Amino acid sequence: MWIADNWKDYEVIDCSEGEKLERWGSYTLLRPDPQVIWQTPKTDKHWRQLNAHYHRSSKGGGEWEFFDLPKQWDIHYEALTFRLKPFSFKHTGLFPEQAVNWDWFSEKIRAAARPVRVLNLFAYTGGATLAAAAAGASVTHVDASKGMVTWAKENAAASGLEDAPIRWIVDDCVKFVEREIRRGKVYDAIIMDPPSFGRGPKGEIWKLEEAIYPLLLTCSKVLCSQPLFFLLNAYTTGLQPAVLSYLLSTALASYGGRVDAQEIGLRVSSNGLVLPCGASGRWECL
C-alpha cells in the first residue's frame, strides 16, 4: 500500500461506525466513509469537539451540520496551498491521500532532465496540477466543471503558481483528448482521476468500468514517443489494484515500461493503522 504520510496540516484522527474523524488545519470534521465498517471506542476528545459534521441521509446524499467552521480556509502541503470549503456530498475540495502520488511523480519530473508536458484529466481542484507545476512541468488541466477549474486557479494563486505554465481547460475530457489527437499534440505524462459515474451535458451516462479502457487507448495516442509516466486513480470498488495494473499493461504495451498498482491510504493517528482510500496504477518508463 502507498501511504500519504507527509502531511502536517491534515490527519485522520480516528474512524469508527462508518465515519472518519479528521483534522484539516485547525478544524475537526466528521465525515462518512463506507470503508469504515468496524466499531471501535470513540475515546479521543475530538469526537466531542467538532467544527462540522456531515450527516448522510438514508435516502441518499446528506447535509452538513456546522458548529464553528469558516466558509473557507487554507491548508498546506509542502509549498502548496489549498483553499478548502465544505460543499455538496461531504467533500472539502481535496483528496489528501493523493499526496503520495504527488510525491512520486514530482520526483520523476525533477529527475527527467528535460521539459515535461503533463496532461491532467478530470483534474478537479488542481492538487496534481499544482504538484506537477511546482516540480517544473508545464501542465494542461482539464475538467468539465467551470467551478472546479476556477477553484483550481485560486489554489494556484494561493500557492504562488499563478504565472506557472498551466493551461486551464473547461471541457469534456474524452472530447478534449480526441481533439488533441487531431491537432497532433503530444504529452510526456498523463494523470487521470476519472469519476465512477456521471452524466454528460446531453444526458450521456458515464460508467467507469465501461469507459476506462477505451479512454486509456485514446489517451495512449497523445503520449510522446518516450513517455515519462501515466498515473490512473480509481475510487470504484470493482477496480482493484490488479485490475488497474492489467489495464495499464495492456493499453500501454507498445511503450514497454513498468507497471505497479497499489491501494492508497492514510495513517490513523489513534492506532497507527491505515485507512484505505482507493487505488492507483502507475506506469513509468524504464
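Only a predicted model underlies this, so the values are computations on that prediction, with no experimental measurement involved.
Between the side chain of Ser16 and the main chain of Gln39, no donor-acceptor pair closer than 3.5 Å is present. Listed for the Ser159 side chain is no donor-acceptor partner under 3.5 Å among the backbone atoms of Ala156. Looking only at distances, no side-chain donor or acceptor of Ser245 sits under 3.5 Å from a matching main-chain atom of Pro241. Listed for the Ser249 side chain is no donor-acceptor partner under 3.5 Å among the backbone atoms of Tyr246. Between the Thr236 side chain and the Leu239 main chain, no donor and acceptor come within less than 3.5 Å of each other. For Arg23 (side chain) and Gly25 (main-chain N/O), a donor-acceptor pair under 3.5 Å exists by modelled atom type. Of the possible polar contacts, one joining the Asn51 side chain to the Asp68 backbone as a donor-acceptor pair under 3.5 Å is found.
Both cation-pi conditions hold for Lys85 and Trp151: the charged atom is under 6.0 angstrom from the six-membered ring centre and inside a 45 degree cone around its axis.
Put simply, the side chain of Ser26 does not reach to within 4.5 Å of the side chain of Trp73, judged on heavy atoms. Put simply, the side chain of Met1 does not reach to within 4.5 Å of the side chain of Ile264, judged on heavy atoms. Between Asp260 and Glu284 the shortest side-chain heavy-atom distance does not fall below 4.5 Å. You'll find the side chain of Asn155 stays beyond 4.5 Å of the side chain of Thr129, heavy atoms only. Using a 4.5 Å cut-off on side-chain heavy atoms (C-beta onward), Cys224 and Arg117 make contact. Residues Leu228 and Arg114 have side chains in contact (heavy-atom distance under 4.5 Å, counting atoms from C-beta outward). Between Leu231 and Ile190 there is no side-chain heavy-atom pair separated by less than 4.5 Å. Two residues are said to be in side-chain contact when any heavy atoms from C-beta on lie closer than 4.5 Å; Ile109 and Phe229 meet this criterion.
To the nearest 0.5 Å, the span separating CG on Leu94 from CD1 on Ile75 amounts to 5.0 Å. Distance check, rounded to the nearest 0.5 Å: CH2 of Trp7 to NE2 of His76 gives 10.0 Å. Distance CG/Leu50 to CD/Glu65: 8.5 Å, rounded to 0.5 Å. The distance from the OG1 atom of Thr140 to the CG atom of Leu121 is 9.5 Å, given to the nearest 0.5 Å. The distance from the CG atom of Leu119 to the CZ atom of Phe176 is 6.0 Å, given to the nearest 0.5 Å. The CG atom of Leu130 sits 8.5 Å away from the NE2 atom of His141 when rounded to the nearest 0.5 Å.
Among all heavy-atom pairs drawn from Ala134 and Leu80, the shortest one is CB-CD2, 4.0 Å. Nearest approach of Ala133 to Ala164, heavy atoms of both residues: CB-CB, 4.2 Å. Scanning both residues, Ser106 and Ala131, for their nearest heavy atoms gives OG-O, 3.5 Å. Taking each heavy atom of Trp47 and Thr43 in turn, the nearest pair found is CD1-N, 4.3 Å. Minimum interatomic distance between Ala261 and Leu244 (heavy atoms only, all atoms of both residues): CB-CB, 4.2 Å.
Within the structure, side chain to side chain donor-acceptor pair (under 3.5 Å) contacts touching residues 265-276 (residues at least two apart or in different chains) are Asp5-Arg267, Glu11-Ser269, Asp14-Ser270.
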Please list every donor-acceptor pair under 3.5 Å in which a side-chain atom of residues 28-36 meets a protein atom from a residue at least two apart or in another chain.
{"unit_1": "Arg31", "atom_1": "NE", "unit_2": "Glu22", "atom_2": "OE1", "d": "2.6"}
{"unit_1": "Arg31", "atom_1": "NH1", "unit_2": "Lys90", "atom_2": "O", "d": "2.9"}
{"unit_1": "Arg31", "atom_1": "NH2", "unit_2": "Glu22", "atom_2": "OE1", "d": "3.3"}
{"unit_1": "Arg31", "atom_1": "NH2", "unit_2": "Glu22", "atom_2": "OE2", "d": "2.9"}
{"unit_1": "Asp33", "atom_1": "OD1", "unit_2": "Gln35", "atom_2": "N", "d": "2.9"}
{"unit_1": "Asp33", "atom_1": "OD2", "unit_2": "Lys20", "atom_2": "NZ", "d": "3.4"}

Residue pair Val174, Leu215: steps toward the side chain to side chain contact (heavy atoms under 4.5 Å, CB included) verdict: CA-CA 7 Å; Val174 177; Leu215 179 56; 3.9 Å; yes
Test log, rule salt bridge (Lys or Arg N to Asp or Glu O under 4.0 Å), inputs Lys8 and Glu78: CA-CA 9 Å; Lys8 293 181 174 61; Glu78 297 182 349; over 6 Å; no
Ring pair (Phe, Tyr, Trp, His ring centres under 6.0 Å) between Trp283 and Phe105, intermediate numbers included: CA-CA 11 Å; Trp283 176 93; Phe105 66 66; over 10 Å; no
Side chain to side chain contact (heavy atoms under 4.5 Å, CB included) between Cys15 and Val268, intermediate numbers included: CA-CA 8 Å; Cys15 47; Val268 179; 4.0 Å; yes
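Counted by atom type alone, Thr81 and Asp74 present zero donor-acceptor pairs between their side chains at under 3.5 Å. Under 3.5 Å, the side chains of Tyr77 and Asp103 contain a donor-acceptor pair of N or O atoms. Side-chain contact annotation: Tyr187 with Glu180, donor-acceptor N/O pair under 3.5 Å present. Side chain to side chain, His55 and Glu63 fail the donor-acceptor criterion of an N or O pair below 3.5 Å.
For Trp2, the ring-ring contact (aromatic ring centres under 6.0 Å, His included) criterion is met by no residue, not counting sequence neighbours. Considering only residues two or more places apart in sequence or on other chains, Phe95 meets the ring-ring contact (aromatic ring centres under 6.0 Å, His included) condition with His91, Tyr124, Tyr235. Listed by chain and residue number, His53 satisfy the side-chain hydrogen bond (donor to acceptor under 3.5 Å, both in side chains) test with Glu19 (two or more places apart in sequence, or in another chain). Not counting sequence neighbours, the partners of Trp64 by the ring-ring contact (aromatic ring centres under 6.0 Å, His included) test are Tyr54, Phe66.
The neighbour count for Glu107 CD, taken as heavy atoms of other residues, nucleotides or ligands under 6.0 Å away, does not exceed 12.
Both Leu161 and Ile191 are assigned to one and the same hydrophobic cluster, defined by single-linkage of ILVMFWY side chains at heavy-atom distances under 4.5 Å. Under a hydrophobic clustering in which Ile, Leu, Val, Met, Phe, Trp and Tyr are joined whenever their side-chain heavy atoms come within less than 4.5 Å, directly or via other members, Leu217 and Val243 fall into the same cluster. Neither Val186 nor Leu252 shares a network with the other; the hydrophobic side chains, linked directly or stepwise wherever heavy atoms of I, L, V, M, F, W or Y lie under 4.5 Å apart, form separate groups for each. By the criterion of side-chain heavy atoms lying less than 4.5 angstrom apart, applied directly or through intervening Ile, Leu, Val, Met, Phe, Trp or Tyr residues, Met192 is not grouped with Val170; the two fall into different hydrophobic clusters. Hydrophobic clustering (side-chain heavy atoms under 4.5 Å, transitive across Ile, Leu, Val, Met, Phe, Trp, Tyr) groups Val142 together with Leu232.
In this pair, Trp24 and Tyr10 present their aromatic rings perpendicular. The plane angle is above 60°, beyond the 30 to 60° band.
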